[in-house]
Amino acid sequence: MKLLKTALSAAIVLCLLLSVLPAASALEADERFDGKSWLEVVEEFNERLSIRPQNVTYGYRNTVTGEEHFYNGDTYMVSGSMYKVPLNMVVAEELYNGEIDWDTQFGGYTYKKLQEGSIIHSDNDYARILWQHVGNGAYRTYRRVIAPLMGEDPDTVDPKFYENNFTTSRQMICCLNELYTNAERYPGVIDCMKLAEPHEYFRRSENRFEIAHKYGFLEDAAGLHMNDCAIVWTDEPILIVCFTTGQFNAYDVLAQYCTLMCDYAQYTTAHREAAEGALDAALADLALPAFARQQEEALPEPEASPEPTPEPVPEPEEAPARISPLLFAALALLGGGLFLLCAVGRHYGMKTRKRVFAFLMSVPLALAALTVSVFDCSPPARVGTEGAAEPMASAISLFSHPDPQETVMAFFDALELQDYEKFYSLLDGYSSLGLEDRPEDAAGRMVLGALRDSYSYRLEGESRVSGDLAEQDVYLRSLDLKAVEQALRESARAHLEQIASERAYQELCDENGYYLPSVVQEACDAATAELLGRMPEFYADHELTLQLIYSDGWFVRGDEALVAAVQGLG
């Protein structure tokens, strides 16, 4: 029988499984992203389009993973009409709360018309009516109202926020994230953004994905300010922002930035999903339900052992009639009186022959009184009934069998000392639990070694003996392999993701799109090494009631709870 040769090898030797799994059939190398960080990607983008760093700010967020990046993210720039997004969010929330309805009028126009006109057609007059409503006619008050949507405290935000129409890319990403995450609170806003300028700005050349955007355009003494912010429904929806100021090719910058971020999102999503998919497939057998099934299959069945044949229970019968306790008193008094007479008779002139006779008579009377006290003065009992007092039988059992605690201690001492020959010799029902095995894989040997080193025990109370059966309560500490398995999954996934994010496609996969065995092995080795010093975190305590059987000595019965605890599967 094998212990963890089946369970552990499946749980630890991930490389054999991972190396035959496809990374993703659609994955292709892309030199724009392979082995590069987001910041490196946008810096190369700036260089390629002759963009001066001080002329732009960028923002990016993956709504699924939370991946977020900024370039000049806290630099204030003129936002143009992008302010109409948080402005309409404030009014739309009034609609959601029932404070207004679509037909509520502001400045002679229904809110329905004002929302569509300010977002779809970017009408500044309509927007002015709305911000005057929000700010009670004061521009600064309106800016204070929208500050929380931008992730800012109106009392501590940079004073630049209140100057004209300045905004940062970080603030706009925060606003878009609130809009996307809680879209139901802002009815109509995203729908209008989907209808705005369907062929310009971010949507100039990007038509693969649905886009909801709000652009900004302004020319003043400082030059041209052209911006856009958007929700893009790539495979994992993203939020993107781009501000430009004084950039001669702003149209191209906006259009190509949108496409670049869509491509980046698709690339990173595909590679992450490939890594996770391959790892999940490799670890499918380690998911807890499958692991439990595997445990049931891997655990050895107990070997048949003869059960002690119970003695036939006699029919209850009345105990024989007892001599009255008065007889004991009479015999004791008579014997004591004769002995006293023998002792004092000489003082009163009693002849020696009579005193000897009195002494000789007192001895058998005293013995008779003692016999009656032992055998006839105990409480009545029914012979052969449950719970009957059988002091003689108990005494015989006690003196014929050794204390079972000695066997229990020898059993667990052998387990701690890895003396498996002795351990198995005291185990009834199993000739092996596989603890003595040596897995071929180094990681498997490490975990099995950690299991062997984890054992400690403590006896609780005295043994309870009933004939040839006994019980002993024990606390056993052992490694919890299920907890190790879960930690291994998490660590291996994290290491594989890290490796995949830092290397080029060619370094990760072969020509068929399969992960290289060396990459998988590296992730597994790193996960195993990480867990080496953490094994005590995965120790578990088990409260066990050991069953023992006597047959020319005590033997510990290998019940399911004991076997699972010893194998680290309990």
Side-chain angles (χ1 to χ4, degrees), residues 56-57 59 76-95 102 105-135 139 142-143 145-146 149-150 163-169 171-173 175-176 178-180 183 186-207 210-232 239-247 250-255 257-258:
V56 294
T57 73
Y76 279 92
M77 287 193 174
V78 176
S79 65
S81 291
M82 284 200 297
Y83 78 90
K84 295 165 184 173
V85 174
L87 170 61
N88 271 278
M89 288 171 65
V90 173
V91 184
E93 191 167 26
E94 294 178 8
L95 179 67
W102 287 113
Q105 292 197 358
F106 303 100
Y109 300 96
T110 65
Y111 176 56
K112 182 73 171 177
K113 185 173 184 65
L114 291 173
Q115 184 189 77
E116 292 176 351
S118 61
I119 297 178
I120 298 174
H121 306 295
S122 204
D123 190 296
N124 292 325
D125 292 332
Y126 287 170
R128 176 182 292 273
I129 293 172
L130 290 176
W131 72 250
Q132 286 181 336
H133 159 69
V134 171
Y139 183 80
Y142 137 71
R143 295 289 286 184
V145 172
I146 69 169
L149 292 175
M150 319 297 281
E163 293 181 20
N164 199 347
N165 189 21
F166 291 110
T167 312
T168 70
S169 58
Q171 290 168 349
M172 283 309 304
I173 287 292
C175 179
L176 290 176
E178 169 63 20
L179 176 60
Y180 175 82
Y186 311 107
V189 175
I190 291 179
D191 291 336
C192 287
M193 291 171 66
K194 289 179 179 179
L195 298 175
E197 288 291 1
H199 305 295
E200 296 295 338
Y201 303 97
F202 279 167
R203 300 181 68 177
R204 182 178 181 182
S205 56
E206 183 52 66
N207 53 20
E210 186 175 32
I211 297 177
H213 75 137
K214 185 68 196 84
Y215 52 89
F217 181 98
L218 178 68
E219 281 190 283
D220 59 16
L224 173 65
H225 310 281
M226 187 176 294
N227 321 305
D228 207 351
C229 66
I231 303 169
V232 185
L239 314 174
I240 57 174
V241 174
C242 176
F243 289 79
T244 72
T245 293
Q247 184 63 35
Y251 274 113
D252 287 337
V253 171
L254 291 173
Y257 176 74
C258 179

Atom of [X], atom of [Y] and distance for their closest heavy-atom approach:
{"X": "C175", "Y": "M150", "result": "CB-SD, 3.8 Å"}
{"X": "V90", "Y": "I146", "result": "CG2-CG2, 3.9 Å"}
{"X": "F106", "Y": "I129", "result": "O-CG2, 3.5 Å"}
{"X": "C242", "Y": "T244", "result": "SG-CG2, 3.9 Å"}
{"X": "K214", "Y": "K84", "result": "CE-CD, 4.1 Å"}
{"X": "I211", "Y": "C258", "result": "CD1-SG, 4.0 Å"}

Check your understanding: So, do Y201 and M226 sit near enough that their side-chain heavy atoms are less than 4.5 Å apart?
Key -> yes
Review point. Which residue pairs satisfy the salt bridge (charged side-chain N to carboxylate O under 4.0 Å, His left out) criterion with at least one member in residues 190-203, sequence neighbours excluded?
Key: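 Sorted result for residues 190-203: K194-E210.
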Check your understanding: Aromatic rings Y142 and Y83: how do their planes relate, parallel, tilted or perpendicular, breaks at 30° and 60°?
Key -> perpendicular
Exercise for review: Can you label the angle between the W102 ring and the Y111 ring as parallel, tilted or perpendicular, going by 30° and 60°?
Suggested key: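 W102 vs Y111 ring planes: parallel.
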Check your understanding: Quick one: salt bridge (charged side-chain N to carboxylate O under 4.0 Å, His left out) partners of K112, sequence neighbours excluded?
Key ->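 In terms of salt bridge (charged side-chain N to carboxylate O under 4.0 Å, His left out), with neighbours along the sequence ignored, K112 is linked to E116.
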Review point. Is there a donor-acceptor pair under 3.5 Å between the side chain of D228 and the backbone N or O of V241?
Key: no
Review point. For I119, does its backbone N or O pair with a side-chain atom of S122 as donor and acceptor, under 3.5 Å?
Key: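 Between the backbone of I119 and the side chain of S122 there is no qualifying donor-acceptor contact (under 3.5 Å).
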Practice item. Establish, yes or no, whether a centroid distance under 6.0 Å links the rings of Y76 and F166. Key: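 No, they do not, as the ring centres are separated by 6.0 Å or more.
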Check your understanding: K113 and T110: side-chain donor and acceptor closer than 3.5 Å?
Key ->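 No, no side-chain donor-acceptor pair sits under 3.5 Å.
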